[in-house]
Amino acid sequence: MIQPTIAKRDVTKHILKSFNIQMSKKLGQNFLIDENIVDGIVRAANISPGETVLEIGPGIGTLTQGLAEAGAKVVAVELDSRLIEVLAKTLAGYDNVRIVHGDILKVNIAEEVAAPRFKVVANLPYYITTPIIMGLLEQRLPVDTLVTMIQKEVAERMVASPGGKEYGALSVAVQYFTEPQIMFAVPPHSFIPAPAVDSAVIRCVVRDQPAVAVGDERLFFRVVKAAFSQRRKTLNNALKTMGIASERIQQALAEAQIDGGRRGETLSLGEFAAIANALLKKS
Ligand code: SAM
């Protein structure tokens with residue numbers, strides 16, 4: 001059976017009308033209507049036939065169709081119950097797609113995907129971009145690559161280097177686990193409804209080992225969080241919010257050879273790691 005391409009304005013409108021679907025802003029529903037963008041995402045994911053892909057939020061199946069056509073075994077998790085019956089119809093011709101009805105922040109992903117390694121490919125609901133990406137990375141699922149459409153401004157924060165205003169705790173966390181790269185920007189008119197912000201596709205290749213060696217990951221992220229909690233404060237002051245005695249902080253900074261008069265936004269991942277590892281020794 002030849003399936004019509006869903007990633008077109010008229011096809012998408014027709015599907016929504018025939019199922020009487022009003023799109024939900026609350027669920028971050030902005031559906032792709034540009035097949036070139038779908039192709040670009042699928043290409044960025046570099047899919048080999050038969051490999052497993054977790055898609056988050058398939059909507060009416062627009063990107064899912066591109067992934068299925070590329071030969072991926074797709075497991076797609078959608079929260080909106082109204083779309084489950086739509087997906088059963090729009091993707092009826094593909095036996096390599098399995099739809100799971102659930103909340104991606106709650107489902108047992110390892111159990112649902114049940115593959116030794118997989119990729120994540122998604123046009124994410126923007127209201128929960130960070131919890132989804134960080135959740136996937138922190139759970140240490142066997143994911144090798146994430147290719148996601150997100151807000152352009154968030155993508156820029158993820159790839160930012162020390163020194164700029166975009167560099168923050170999110171940059172450190174994403175770069176700790178992955179090598180992120182912005183693949184291309186996507187304008188609002190590629191979706192219906194058009195979102196109020198620009199979008200971008202970002203590819204994050206998960207590292208075999210984190211970017212820097214830390215003795216205690218939780219302590220490392222506490223240091224990062226504290227350093228960025230008040231961006232204008234120097235490390236001497238900002239790190240006090242960790243509830244650690246000032247003296248110990250001074251000692252750790254000295255041992256890590258980092259000037260306490262610097263601000264968190266100037267520190268590399270290696271320097272954050274050096275502070276956390278020095279604090280660990282002193283505890
Ligand atoms: N993939 C489709 C596309 O590219 O046109 C739709 C993308 S739309 C930006 C985001 C999708 O995520 C919507 O279908 C929405 O219902 C779904 N969604 C929102 N919150 C979710 C959650 N917590 N778990 C799973 N899906 C969710």
Side-chain angles (χ1 to χ4, degrees), residues 3-16 19 21-45 53-70 72 74-91 94 97-109 112-113 119-136 139 146-152 154-155 183-184 186-202:
Q3 302 285 325
T5 302
I6 304 168
K8 291 179 191 282
R9 183 182 293 275
D10 54 347
V11 176
T12 298
K13 281 197 161 166
H14 174 75
I15 294 170
L16 292 170
F19 285 89
I21 304 272
Q22 302 292 327
M23 294 178 70
S24 158
K25 210 172 169 178
K26 205 176 101 217
L27 289 181
Q29 292 179 348
N30 300 93
F31 295 164
L32 270 169
I33 50 165
D34 184 337
E35 53 187 314
N36 293 319
I37 304 292
V38 171
D39 287 350
I41 298 173
V42 173
R43 260 199 313 277
V53 170
L54 167 66
E55 190 196 357
I56 297 153
I60 58 170
T62 315
L63 176 58
T64 327
Q65 183 179 41
L67 295 166
E69 289 282 347
V74 189
V75 177
V77 179
E78 174 57 59
L79 177 59
D80 188 341
S81 55
R82 301 170 308 161
L83 298 176
I84 302 300
E85 100 179 273
V86 179
L87 289 160
K89 267 270 166 45
T90 56
L91 301 172
Y94 300 97
V97 175
R98 191 163 73 82
I99 303 295
V100 175
H101 181 206
D103 181 339
I104 193 62
L105 298 178
K106 295 190 184 143
V107 296
N108 183 331
I109 297 172
E112 291 296 348
V113 178
K119 285 180 176 160
V120 174
V121 184
N123 171 14
L124 289 178
Y126 293 173
Y127 73 106
I128 42 171
T129 300
T130 306
I132 291 177
I133 293 184
M134 291 317 301
L136 289 166
Q139 283 179 64
L146 298 96
V147 176
T148 55
M149 171 100 72
I150 61 178
Q151 253 178 272
K152 186 158 166 265
V154 178
M183 305 305 287
F184 53 92
V186 181
H189 63 73
S190 302
F191 307 84
I192 48 173
V197 293
D198 283 332
S199 303
V201 172
I202 184 167

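Heads up: numbering here begins at 1 and tracks the sequence. All ligand and atom numbering here is 1-based and tracks the order in the structure.
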- Note on the structure: Rounded to the nearest 0.5 Å, the CD atom of E85 sits from the CD1 atom of I99 at a distance of 13.0 Å
Could you pull out every N or O of ligand 1 that sits under 3.5 Å from a protein N or O, with the distance for each pair?
unit_1   : atom_1 : unit_2 : atom_2 : d
ligand 1 : 1 (N)  : E55    : OE2    : 3.4
ligand 1 : 1 (N)  : G57    : O      : 2.8
ligand 1 : 1 (N)  : P58    : O      : 3.4
ligand 1 : 4 (O)  : N123   : ND2    : 2.8
ligand 1 : 5 (O)  : L32    : N      : 2.8
ligand 1 : 14 (O) : G59    : N      : 3.3
ligand 1 : 14 (O) : E78    : OE1    : 2.8
ligand 1 : 16 (O) : Q29    : NE2    : 2.9
ligand 1 : 16 (O) : E78    : OE2    : 2.6
ligand 1 : 20 (N) : Y127   : OH     : 2.8
ligand 1 : 23 (N) : D103   : OD1    : 2.9
ligand 1 : 24 (N) : I104   : N      : 3.0
ligand 1 : 26 (N) : L79    : N      : 3.4

- Q22 backbone acceptor or donor facing R82 side chain under 3.5 Å: yes
- Query: Rounded to the nearest 0.5 Å, how far does CD of E55 lie from CG of L124?
  - Reply: 9.5 Å
- Query: Stepwise, does the side-chain hydrogen bond (donor to acceptor under 3.5 Å, both in side chains) test hold for Q29 with D80?
  - Reply: CA-CA 10 Å; Q29 292 179 348; D80 188 341; 2.8 Å; yes
- Short question: side chain of E78, backbone of H101 - any donor-acceptor pair under 3.5 Å? no
- Task: Check whether the side chains of Y94 and T64 place a donor and an acceptor atom closer than 3.5 Å, and report yes or no.
- Result: no
